[in-house]
Colleague: 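Can you read through this structure? Questions will come right after.
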Amino acid sequence: MAPAWLTPRRATVAGLALLLAALWLVFPSGFYFRIATLVWISALAAVGLNLLMGLAGQVSLGHAGFVGIGAYAVALGPRHLGLDLLPSLGLGLVLAGLLALLVGRPILRLRGHYLAVATLGLGILVWLVLNSEVAITGGPDGIQVQRLVLVGWRVAGAETWYWITGLALVLGVLVALNLEESPTGRALRALHDSEVAAAVAGIDVARAKLAVFVIAAVYAALAGGLLALFNRFVTPQAADFLHSIELVTMVVIGGMGSSLGAVVGAAVLTILPQALTVFHDYEHAVLGLTIILFMIFLRQGIVPSLAALLARRAP
Amino acid sequence: MDQLLQFVFSGLTVGAVYALVALGFTLIYNASDVINFAQGEFVMLGGMVTVFAVAAGMPLPLAALVAIAVAVATGLALHRLAIEPARGASAVTLIIVTIGASILIRGLAQMVFDRQFHALPAFTGEEPIRVLGASILPQSLWVLGGAAAIVLALWLFMERTLLGKAVRATAANRLAARLVGIDTTLVLALAFGISGAIGAIAGILITPITLTSFAVGTLLALKGFAAAMLGGMGNPVGAVVGGLALGLLESLAAGFISSTYKDAVAFLVILGVLFVLPQGLFGRRAVERV
Amino acid sequence: MSAIAAEGIGISFGGLRALDGVSFAAEPGEVFSIIGPNGAGKTTLFNIISGLYRTGEGRVRLAGEDVTGLPPHLLAARGLSRTFQNLQVFFRMTAEENVMVGRHLRERQGLLAALLHLPWVARQNRATRDRARELLAFVGLAERARDPAGSLPYGALKRLEIARALAAEPRVLLLDEPAAGCNPVETEEIDRLIAAIAERGTTVVLVEHDMKLVMRISHRILVLNHGRMLAQGRPAEVRTNPEVIAAYLGRHGAEAAHAAG
């Protein structure tokens, strides 16, 4: 029996922090830190998306659009607006949140999977703009991002970024779990099961969904910003449809409704292509097959399935 | 004026393809509530298989038949191997399954065929026909005529055959259809097969005009979906009208506004429809029972 | 002033006249029942009153305030709550969490505070949980607090919905067939619950098919038939009303009842 102070929320966050430290001790080379950094960044976006999908039962098929906004804010803010990197990042988060607000407000009053459809359109529009405005964004070839300098400290090296993005992820998971354990979190889980009953309980369903959509968009933009700063380069691929689908797949494979699941899903989908680069030609076929097989055979996702298995072993 | 007519011709040609893709969406959606994002891959298969069969020495009509057969088989396999096993899953899960299938089919096509763009010769010559000062390709007439023939054939099938009536009954009320002895699984398989055939025909007809490659499916699926949304998801007439309207809008936008953002039209349409009339042009409003 | 009043409510679905000129008013602490054969329009009336359906005909007042056409969550904020004929339980949440959701209106909201998990959020969570436990005990589900709602039997879910509705501390509670599908013991339990709720001053508007239950606990009864008001009055009056008997048993049955009675 776990002690009372070790709530699932604290256990998850502590476990993640321990994992961060443990991997740091065992990783032999920069390559591993690089991959892990990419996992932490994807996981951050997936954790936000999971709030939308897992808690509220709403789907965004264009979430990479928000990733793109965060990434390009970091690339374009210093270049075109003369802003420093961090204010640019902040601007990206605000823009992503505002866009989500603008699009979500009319859509989320409707019941059903209209958000999936609307975000699908929105995501592709963002990608189209990033791809087409060559004079501003550099077009399909992508664009360079300045090196991050924090009060005189030039942030460089995979290990450093491993820690920055890893801590960002831990904080992101903490905030996500905080949301779950709040009236808003309960409201979101409730409306997932029955919007009618949630409304009768006094919940402003449209408003609650809008709030979580904006939050998820900000998570994605933050992930995008970190990705651009880490890679020091960004292409419109960050915002494309396939990336949106990858984000959704991370959440579903890891297990909808589980923040830890989102991290696991991000790890699977980030590491899998690295392992598959050997079979470069089969990469898409294998990704597609993986998605289908998971949906058929492990629909609950990895983490909830494991949790159920453990619960059955130890009654 | 001539220019406008020119845009209308090219818009209707592309719109006919969107309409066929939207029709495929509608068939499957009505039989199962599944939104099949692999719909565009049928179009891709139609074009690519025909190209490679012709290159292998087959006469065009035979190659086209082979391509249709491949797409139908793919549709049936998709239903049997991916949709049936996931039966009872949420709408989101099923959407992801079809997206996974779309990525898989594209990946396989890339391995079996190649990454190049390919063309087919026009069926009956390249000489444009002059109409009221504008010109229209003979192949455009093939596309429009082919689309009209498919719509007509589908309509006859739905209205006049027992199997077609079973499909309609399933669309109207799945539980009731099952209660009166209709095999709804068979109906859904049929819907996937027909959607495969329709998609393939669209792909074969349009390839001489727009070229094809392993990757053309995604954008076509998304645009066909936009057309289906515009018409009102689940309404076959709406799908056709939505497809033609989307093609026209795209062509006019490319001509008068910016060809860079031609592809944006479909997605602006999606957002516009959702903002203004979420039921689509021909959608029905449902009262929810509590 | 009546706790709730409906005036001239009417609605049509397609060509079907589902409700026509229905009016009633219920007082604080009253158990007011609406009965009628299947298809009489009882649930439709509930759906209009609770803001799920909109209609241009008639007005609804809560404690005198005209609330016609307000969406459900704003009606809830004005003290109206309800349960559902075909359960609308949050199946993925525990019984306790279901009731905690019912406390939503009584909780302080603050998204930023929630994201940062400020101390008062944790305190409030505990208070909400305690209150949910009390309500579960009140409806006899204390032992099932931590169980997923999906694992509860039907009768328990009916009571869970009542607990959730009560969590909002409503002034008017609409109960849609709370005893449907319940065994006699469970029905008696619901009987006791309704009486206890009304005793606290909450107005209970009840739709129910179990005539014994209705006759036993109602102060007044409204009888609907084909969307119209057939009769209204105290249980004893309604029970002996020949039109009511005819509607329920048919002409033939009415004669039989008359002969027997």
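From a predicted model like this one, the values you see are computed outputs, not experimental measurements. Here is how names work: the chains are called A, B, and so on, in the same order as the sequence lines, proteins then strands, and each is numbered from 1.
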Colleague: Heavy-atom pairs under 4.5 Å with chain B: which of A:Val59, A:Val252, A:Val117 has the most?
Modeller: A:Val117
Colleague: Once the angle between the rings of B:Phe52 and B:His118 is folded into 0 to 90°, is it parallel (under 30°), tilted (30 to 60°) or perpendicular (over 60°)?
Modeller: perpendicular
Colleague: Under a 4.5 Å heavy-atom cutoff, which of B:Leu81, B:Ile95, B:Ile105, B:Leu222 has the most pairs with chain A?
Modeller: B:Leu222
Colleague: Which atoms of A:Glu246 come close to chain B, meaning under 4.5 Å heavy atom to heavy atom: side chain ones, backbone ones, both, or neither?
Modeller: neither
Colleague: Report yes or no: do A:Ser305 and A:Gln300 form a side-chain donor-acceptor pair below 3.5 Å?
Modeller: no
Colleague: Could you tell me which portion of B:Ile270 (side chain, backbone, both or neither) has an atom closer than 4.5 angstrom to a non-hydrogen atom of chain A?
Modeller: side chain
Colleague: Using non-hydrogen atoms and a 4.5 Å limit, figure out which bit of A:Leu289 sits close to chain B: side chain, backbone, both or neither.
Modeller: both
Colleague: Using heavy atoms and a sub-4.5 Å threshold, report which of residues 69-78 of chain B line up against chain A, by residue number.
Modeller: none
Colleague: Evaluate the ring planes of B:Phe7 and B:Phe256, with Trp represented by its six-membered ring, and classify them as parallel (under 30°), tilted (30 to 60°) or perpendicular (over 60°).
Modeller: perpendicular
Colleague: Would you mind checking which part of A:Phe297 comes under 4.5 Å of any heavy atom in chain B, side chain (CB onward), backbone (N, CA, C, O), both or neither?
Modeller: neither
Colleague: Are there residues of residues 18-26 of chain B that reach to under 4.5 Å of chain A by heavy atoms, and which ones?
Modeller: none
Colleague: If only side-chain N and O atoms count, and only distance matters, is there a donor-acceptor pair under 3.5 Å linking B:Thr184 with B:Thr170?
Modeller: no
